Amino acid sequence: VQTVALRLIVEREREIRAFQKNEFWTIDASLNAKKPPVLTARLFKRDGAAIEIGDEAASKSILDTLDGAKYIVDSVATREKKRNPVPPFITSTLQQEAARKLRFSVKRTMMLAQRLYEGVELGAEGSVGLITYMRTDSTRVSQDALTEVRELIGMRYGEQFRPETPNFFKSKKGAQDAHEAVRPSSAMKTPDDVAKFLQEDELKLYRLIWMRFVASQMCPAVFDQTTIDVTAKGKDGAAYTFRATGSVPKFKGFLEVYEEGKDQKDEEDEELRHRLPQVAQGEELKLKAIEPEQHFTEPPPRFNEATLVKELE
């Protein structure tokens with residue numbers, strides 16, 4: 001494994017050094033509808049074809065063409081979007097998530113997990129192993145544990161958060177499947193119940209494992225995703241289309257308990273931050289500002305422990 005890790009790091013370093021920066025520009029229009037908030041839409045098509053703006057001259061010529069143009073709402077589409085819960089931890093995902101969320105090194109995570117697995121003195125109960133074996137590549141969960149966690153979800157969060165049948169997750173191809181997923185030995189032992197018996201970092205890790213396991217057996221989160229297309233006619237006779245996308249949470253589902261960490265921000269994060277005004281098809285919007293922005297493509301980042309574990313897997 002060490003040779004493989006070294007090779008991955010060397011290859012990534014070569015990729016970074018060989019990387020050629022490419023310039024590209026984006027054009028964002030801030031538009032006022034009848035009611036707030038301001039609609040920020042990004043230029044993405046000219047006459048129905050995707051548009052690429054390679055340099056400042058190209059962006060200037062588009063701005064000149066659009067000078068004095070009218071911005072008309074072309075379409076408003078809303079669809080329901082579901083986000084499914086993530087599976088319970090296996091060794092590698094536990095290491096990644098503890099690195100992202102708790103800033104623990106892989107070594108620290110495994111040391112704390114070992115202590116939680118071997119057993120913690122819980123007062124009158126004596127020594128109790130709080131989690132299942134932490135070296136596993138399987139997302140399988142025993143029937144007893146499923147029954148227990150489903151009971152807990154109903155009691156603690158309400159029936160609407162519990163799916164009709166348990167959630168099952170596929171293990172990776174080639175997984176040995178010898179042990180269950182990393183989960184609390186009893187979901188009924190909530191982090192608050194055991195807090196007074198654990199050291200600070202042990203509790204943080206136990207809380208992470210507990211939340212991930214409970215969330216894995218909850219209903220999907222539901223969002224309303226809205227896409228607004230706005231068209232402006234340029235002086236060159238072309239139709240320039242600007243698009244804005246936003247999501248509104250409708251039902252929190254498993255996100256009530258747990259959201260997975262990410263190594264990099266993605267479109268979904270942007271959508272959730274983006275609130276959209278109410279607009280109707282054919283409505284004319286007032287241009288508040290149009291802003292071109294220069295960007296450069298980025299080389300792949302160097303590995304941190306979490307991303308290296310992910311790549312190795």
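From a predicted model like this one, the values you see are computed outputs, not experimental measurements.
Contact check on Arg103 versus Asp201 returns no salt bridge, with no Lys/Arg side-chain nitrogen under 4.0 Å from an Asp/Glu carboxylate oxygen. Salt bridge annotation for Lys172-Glu313: present, with a cationic side-chain nitrogen under 4.0 angstrom from a carboxylate oxygen. A salt bridge does not link Lys45 with Asp229: none of the charged nitrogens is closer than 4.0 Å to a carboxylate oxygen. Remark: Glu52 does not engage Arg46 in a salt bridge, criterion side-chain N to carboxylate O under 4.0 Å. One finds no salt bridge joining Glu151 and Arg162 here, because no Lys/Arg side-chain nitrogen approaches an Asp/Glu carboxylate oxygen to under 4.0 Å. Using a 4.0 Å cut-off between charged side-chain N and carboxylate O, Glu125 and Lys189 make a salt bridge. Between Glu97 and Arg100 there is a salt bridge, since a side-chain N of the basic residue sits under 4.0 Å from a carboxylate O of the acidic one.
Minimum interatomic distance between Val141 and Pro88 (heavy atoms only, all atoms of both residues): CG2-CG, 4.0 Å. Considering every non-hydrogen atom in both Tyr157 and Val214, the closest pair reads CE1-CG1, 4.1 Å. Residues Leu8 and Phe303 share a closest heavy-atom pair of O-CE1, 3.6 Å. Across all non-hydrogen atoms, the minimal contact from Ile228 to Pro277 is CD1-O, 4.1 Å. Nearest approach of Trp210 to Pro191, heavy atoms of both residues: CD2-CD, 3.4 Å. Across Arg150 and Pro163, no two heavy atoms sit closer than the pair NH1-O, 2.8 Å.
Annotation for Tyr117: atom OH does not count as buried by contact number, only 12 or fewer foreign heavy atoms lying within 6.0 Å. Crowding of Lys235 atom NZ: a count of heavy atoms from other residues, nucleotides or ligands under 6.0 Å exceeding 12. Lys170 NZ: 12 or fewer foreign heavy atoms inside a 6.0 Å radius.
A donor-acceptor pair under 3.5 Å is absent between the side-chain atoms of Thr40 and the main chain of Ser30, judged by distance alone. The closest donor-acceptor contact from the side chain of Thr132 to the backbone of Ala181 lies under 3.5 Å. No donor-acceptor pair closer than 3.5 Å links the side chain of Thr93 to the backbone N or O of Phe89. Under the 3.5 Å distance criterion, the side-chain polar atoms of Arg140 are matched with a main-chain donor or acceptor of Asp177. Using modelled atom types, one side-chain atom of Glu180 and one backbone atom of Ser142 make a donor-acceptor pair closer than 3.5 Å. In this structure, the side chain of Asp74 does not engage the main chain of Thr231 through any donor-acceptor pair within 3.5 Å. Panel note: side chain Ser92, backbone Val309; no donor-acceptor pair is recorded below 3.5 Å. Using a distance-only test at 3.5 Å, with no hydrogens or angles considered, no donor-acceptor pair links the side chain of Glu80 to the main chain of Asp224. Panel note: side chain Glu256, backbone Gly253; no donor-acceptor pair is recorded below 3.5 Å. Using modelled atom types, no side-chain atom of Glu159 and backbone atom of Gly154 make a donor-acceptor pair closer than 3.5 Å.
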| request: Tell me, with the steps shown, if Glu259 and Arg83 meet salt bridge (charged side-chain N to carboxylate O under 4.0 Å, His left out). | output: CA-CA 11 Å; Glu259 182 159 11; Arg83 192 163 146 199; 3.2 Å; yes

| request: Take Lys288 and Leu31, measure what side chain to side chain contact (heavy atoms under 4.5 Å, CB included) needs, and give me the verdict at the end. | output: CA-CA 5 Å; Lys288 185 180 170 201; Leu31 303 157; over 6 Å; no

| field | side-chain hydrogen bond (donor to acceptor under 3.5 Å, both in side chains) assessment of Thr190 paired with Asp193 | value | CA-CA 5 Å; Thr190 68; Asp193 294 340; 3.1 Å; yes

| said: Does Leu94 form a side chain to side chain contact (heavy atoms under 4.5 Å, CB included) with Leu205? I'd like the steps, not just the answer. | reply: CA-CA 9 Å; Leu94 173 65; Leu205 191 65; 4.0 Å; yes

| task | Applying side chain to side chain contact (heavy atoms under 4.5 Å, CB included), run through Leu146 and Gln217 and close with a yes or a no. | result | CA-CA 8 Å; Leu146 285 177; Gln217 287 302 324; 3.3 Å; yes

| query | Val194 and Val120: side chain to side chain contact (heavy atoms under 4.5 Å, CB included), yes or no, with the steps? | reply | CA-CA 9 Å; Val194 297; Val120 175; over 6 Å; no

| message | Is there a ring-ring contact (aromatic ring centres under 6.0 Å, His included) between Tyr71 and Phe242? Walk through the geometry before answering. | response | CA-CA 9 Å; Tyr71 291 81; Phe242 290 79; 5.8 Å; yes

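Ring pair Phe251/Phe161: centre-to-centre distance below 6.0 Å.
Separation of atoms NZ (Lys204) and CD (Gln199) is listed at 12.0 Å; rounding is to 0.5 Å. The distance from atom CE of Met211 to atom CG of Leu208, rounded to the nearest 0.5 Å, is 6.0 Å. The distance from atom NZ of Lys101 to atom CD of Gln96, rounded to the nearest 0.5 Å, is 12.5 Å. The line from OG of Ser171 to CG of Asp137 is 7.0 Å long, rounded to the nearest 0.5 Å. A distance of 10.5 Å separates CD1 of Ile131 from CD of Glu202, quoted to the nearest 0.5 Å. Separation of atoms CD (Gln95) and CG (Leu312) is listed at 10.0 Å; rounding is to 0.5 Å.
For the residue pair Thr136/Thr91, the side-chain donor-acceptor check at 3.5 Å is not satisfied. Gln114 and Tyr133 are not linked by any side-chain donor-acceptor pair at a separation below 3.5 angstrom, with hydrogens and angles left out of the test. Donor-acceptor pairing under 3.5 Å is recorded for the side chains of Thr26 and His295. With 3.5 Å as the limit, one finds a donor-acceptor pair spanning the side chains of Asn304 and Thr307. Ser61 and Asp64 share no donor-acceptor pair across their side chains, judged by distance under 3.5 Å alone. Residues Glu56 and Gln294 have side chains that never bring a donor and an acceptor to within less than 3.5 angstrom of each other. Checking Thr245 against Gln225 by side-chain atom types alone, no donor-acceptor pair falls below 3.5 Å.
Within the 4.5 Å cutoff, no side-chain heavy atoms of Thr241 are placed close to those of Val230. Under the 4.5 Å side-chain criterion, counting only non-hydrogen atoms from C-beta, Glu283 is in contact with Leu285. The closest side-chain heavy-atom distance from His179 to Arg135 is not below 4.5 Å. Under the 4.5 Å side-chain criterion, counting only non-hydrogen atoms from C-beta, Lys34 is not in contact with Gln278. With contacts defined as side-chain heavy-atom distances shorter than 4.5 Å, the pair Arg302/Glu13 qualifies. With a 4.5 Å cut-off on side-chain heavy atoms, Leu43 and Ile53 count as touching. Between Pro184 and Ile209 the shortest side-chain heavy-atom distance falls below 4.5 Å. Side-chain contact check for Arg108 versus Leu102: every heavy-atom pair is 4.5 Å or farther apart.
Taking the ring axis of Phe223 as reference, the NZ or CZ atom of Lys81 does not stay both within 45° of it and closer than 6.0 Å to the ring centre.
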